[in-house]
Novice: 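Take this structure first; my questions come after.
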Amino acid sequence: MRWIQLPIIGLLLCCISSCDFMRPKTELERVLSKGTLVVLTRNGATTYYEGPDGKPVGFEYELASRFADHLGVKLKMVVPASLTDILYQIKHGRADLAAAGLTVTDEREKHVRFGPRYHRITQQLVYRRGAAAPAKIEDIIGGELLVVAGSSHVERLRELKQKHPELTWEETKEMENEELLTAVWEEQIEYTVADSNEVALTHRYYPELEIAFDLTEEQPLAWAFPISTDDSLYSEAVKFFNDLIDTGELERLVDRYYGHIDDFDYVGTRNFMLHIQTRLPRYQQLFQQAAEATGLDWRLLAAIGYQESHWNPNAISPTGVRGIMMLTLDTARHLGISNRLDPAQSIEAAARYMRDIRNRIPERIEEPDRTWLALAAYNIGTGHLEDARRITQRQGYDPDLWIHVKEHLPLLRKMKWYSTTKHGYARGHEAVHYVDNVRNYYDLLVRISERTDLYEFFPRDIIPYHDADDTGNLQRAI
């Protein structure tokens with residue numbers, strides 16, 4: 001009888017193997033098998049767009065790219081026609097997840113499953129400076145209010161309408177939040193509603209935009225997944241975000257995109273926009289030549305120059321620094337330039353100086369932290385920067401991350417701390433402000449130059465016919 005048992009055992013093993021083969025793949029196994037993570041998103045400064053070098057950038061893209069690397073697969077970003085389409089497609093499982101700056105709301109949770117919360121925003125009512133400033137919902141009744149269809153803003157307006165029946169608005173599937181903010185700035189519409197992170201970024205390009213008031217308390221942002229009993233991909237995303245938090249990478253990403261835009265200066269930003277039109281054309285070629293010679297981005301050099309002198313080659317400070325890049329006499333001598341007031345010499349020397357400082361930053365430090373640390377050293381000196389990095393390390397933080405070093409640089413003006421350092425007292429808080437300003441100017445130049453011709457970004461009617469030249473005389477704007 002044993003000869004009969006052997007085939008039966010073999011048949012059972014084959015059945016078990018076949019059953020395992022026929023078992024439906026989990027969501028995670030399916031992604032790993034096809035080798036691609038399909039992510040729905042939106043085009044925008046806070047989500048996903050093509051940078052000036054043709055490579056994708058954006059906060060949501062950065063997160064999604066890291067998750068794809070975590071899984072060991074390729075990333076495919078898909079941009080549906082509208083926000084409504086994103087929510088519809090993810091609800092019906094036509095993509096693996098949606099990473100689109102989605103606000104978690106009770107209504108949306110009926111249709112999709114939200115992952116870990118990674119950032120918080122408020123909804124804000126936005127109008128243009130010069131118009132009557134609304135102080136409450138009643139003040140906008142009868143006004144022209146346009147919002148994105150299917151957005152959390154619509155949900156909030158519906159809630160408000162229960163208390164204010166006369167409140168009306170229009171919804172659009174043809175425009176995104178950034179376009180609506182632009183429409184407010186161009187006075188095509190009176191009001192819109194946008195998330196605070198989008199407003200903060202757009203504010204810098206359109207300084208006349210004003211926040212009337214918040215429509216909500218803080219709300220979380222999260223990725224959206226199809227509602228399913230299969231937790232495999234969702235659980236892996238939870239693990240991924242836990243790792244980002246534990247390593248500090250999430251905090252670092254938030255700082256990269258939003259850490260330098262907390263303080264908004266209307267007058268300063270407005271002047272910068274005007275000087276792009278009236279002053280930068282005289283020196284742009286010099287910045288580009290210096291950048292080509294040193295391997296730096298000309299827009300970074302231009303941002304440094306603006307922070308130093310507002311692109312004024314005759315600038316002189318009470319401490320004796322001079323020229324468009326505000327070089328000290330000792331630095332000028334060290335770099336071998338004879339005339340600090342010559343824009344070409346000043347820009348070329350400052351570019352070499354910045355390159356040399358950046359090269360002294362430890363090679364293990366990755367971008368963009370390497371550049372931000374170099375900017376701090378450019379302002380405060382490499383010795384003081386190293387003191388701050390040592391304090392950062394002693395306090396249990398990472399001295400290779402700008403987000404941590406910037407918190408400890410201000411300690412250099414406190415005796416308790418600078419007395420323990422090699423180079424002593426320094427105005428570390430000014431270095432932090434310096435880096436934040438340069439980052440803002442740099443971001444503005446990058447964003448403007450990648451969208452259109454640099455000098456045609458703004459309508460001519462906002463450019464003054466005259467501008468004071470560097471000697472105080474009036475001349476026609478270039």
Novice: Distance check, rounded to the nearest 0.5 Å: H153 atom NE2 versus L180 atom CG?
Specialist: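 Nearest 0.5 Å value for the NE2-CG distance: 9.5 Å.
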
Novice: Looking at every heavy atom in both I304 and V438, which two are closest together, and how far apart are they?
Specialist: CG1-CG1, 4.0 Å

Novice: Ignoring hydrogens and geometry beyond distance, is a side-chain donor-acceptor pair present between T41 and E60 at under 3.5 Å?
Specialist: no

Novice: Atom CD1 of I141 and atom NZ of K136: how far apart are they, to the nearest 0.5 Å?
Specialist: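 So the CD1 of I141 and the NZ of K136 are separated by 9.5 Å.
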
Novice: Short question: side chain of R413, backbone of L409 - any donor-acceptor pair under 3.5 Å?
Specialist: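 No.
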
Novice: When you look at W169 and Y191, which way does the ring pair (Phe, Tyr, Trp, His ring centres under 6.0 Å) test go after all the steps?
Specialist: CA-CA 9 Å; W169 64 89; Y191 313 110; over 10 Å; no

Novice: Looking at every non-hydrogen atom in both residues, tell me the closest pair between L385 and A376 and how far apart they are.
Specialist: CD1-CB, 4.2 Å

Novice: For P399 versus V405, what's the shortest heavy-atom pair and its separation?
Specialist: O-CG2, 3.4 Å

Novice: Which atoms form the tightest heavy-atom contact between W298 and F287, and what is the distance?
Specialist: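 Here W298 and F287 meet closest at CB-O, 3.6 Å.
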
Novice: Are H408 and Y397 close enough that a side-chain donor and a side-chain acceptor fall under 3.5 Å?
Specialist: no

Novice: For Y378 versus Y353, what's the shortest heavy-atom pair and its separation?
Specialist: CE1-CD2, 3.5 Å

Novice: Which residue in the set D398, D400, D369 passes salt bridge (charged side-chain N to carboxylate O under 4.0 Å, His left out) when paired with R252?
Specialist: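 Only match with R252 under salt bridge (charged side-chain N to carboxylate O under 4.0 Å, His left out): D369.
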
Novice: Would you say Q123 and Q219 are linked by a side-chain donor-acceptor pair, where the criterion is simply a distance under 3.5 Å?
Specialist: yes

Novice: Between the side chain of Q345 and the main-chain N/O of S338, is any donor-acceptor distance below 3.5 Å?
Specialist: yes

Novice: Have T294 and R352 got a donor and an acceptor in their side chains that come within less than 3.5 Å?
Specialist: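 No pair is found: no donor N or O on one side chain lies under 3.5 Å from an acceptor on the other.
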
Novice: Strictly by modelled atom types, are Y434 and E308 linked by a side-chain donor-acceptor pair under 3.5 Å?
Specialist: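 Judged by distance alone, the side chains do pair up.
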
Novice: What I want to check is whether the side chains of Y442 and D297 have a donor and an acceptor closer together than 3.5 Å.
Specialist: yes

Novice: Under 3.5 Å, is there a donor on one side chain and an acceptor on the other for T182 and E186?
Specialist: no

Novice: Looking only at side chains, do Y257 and E62 share a donor and an acceptor under 3.5 Å apart?
Specialist: yes

Novice: For the residue pair S309 and I324, what are the closest heavy atoms and their distance?
Specialist: OG-O, 2.6 Å

Novice: What residues, two or more places apart in sequence or in another chain, satisfy ring pair (Phe, Tyr, Trp, His ring centres under 6.0 Å) together with F213?
Specialist: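 Residues passing ring pair (Phe, Tyr, Trp, His ring centres under 6.0 Å) with F213: none at all.
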
Novice: Using a strict threshold of under 4.0 Å (side-chain N to carboxylate O), is an ion pair present between E208 and R129?
Specialist: no

Novice: Does the pair R42 and E179 meet the rule for a salt bridge (Lys or Arg N to Asp or Glu O under 4.0 Å), with working shown?
Specialist: CA-CA 13 Å; R42 294 185 293 162; E179 295 176 83; over 6 Å; no

Novice: Using a 4.5 Å cut-off on heavy atoms from C-beta on, say whether the side chain of M354 contacts that of L296.
Specialist: yes

Novice: As an exercise, state the distance from OG1 of T331 to CE of M326, rounded to the nearest 0.5 Å.
Specialist: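 Answer rounded to 0.5 Å: 12.0 Å.
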
Novice: With a 3.5 Å cut-off and no angle check, do the side chains of S151 and R156 form a donor-acceptor pair?
Specialist: no

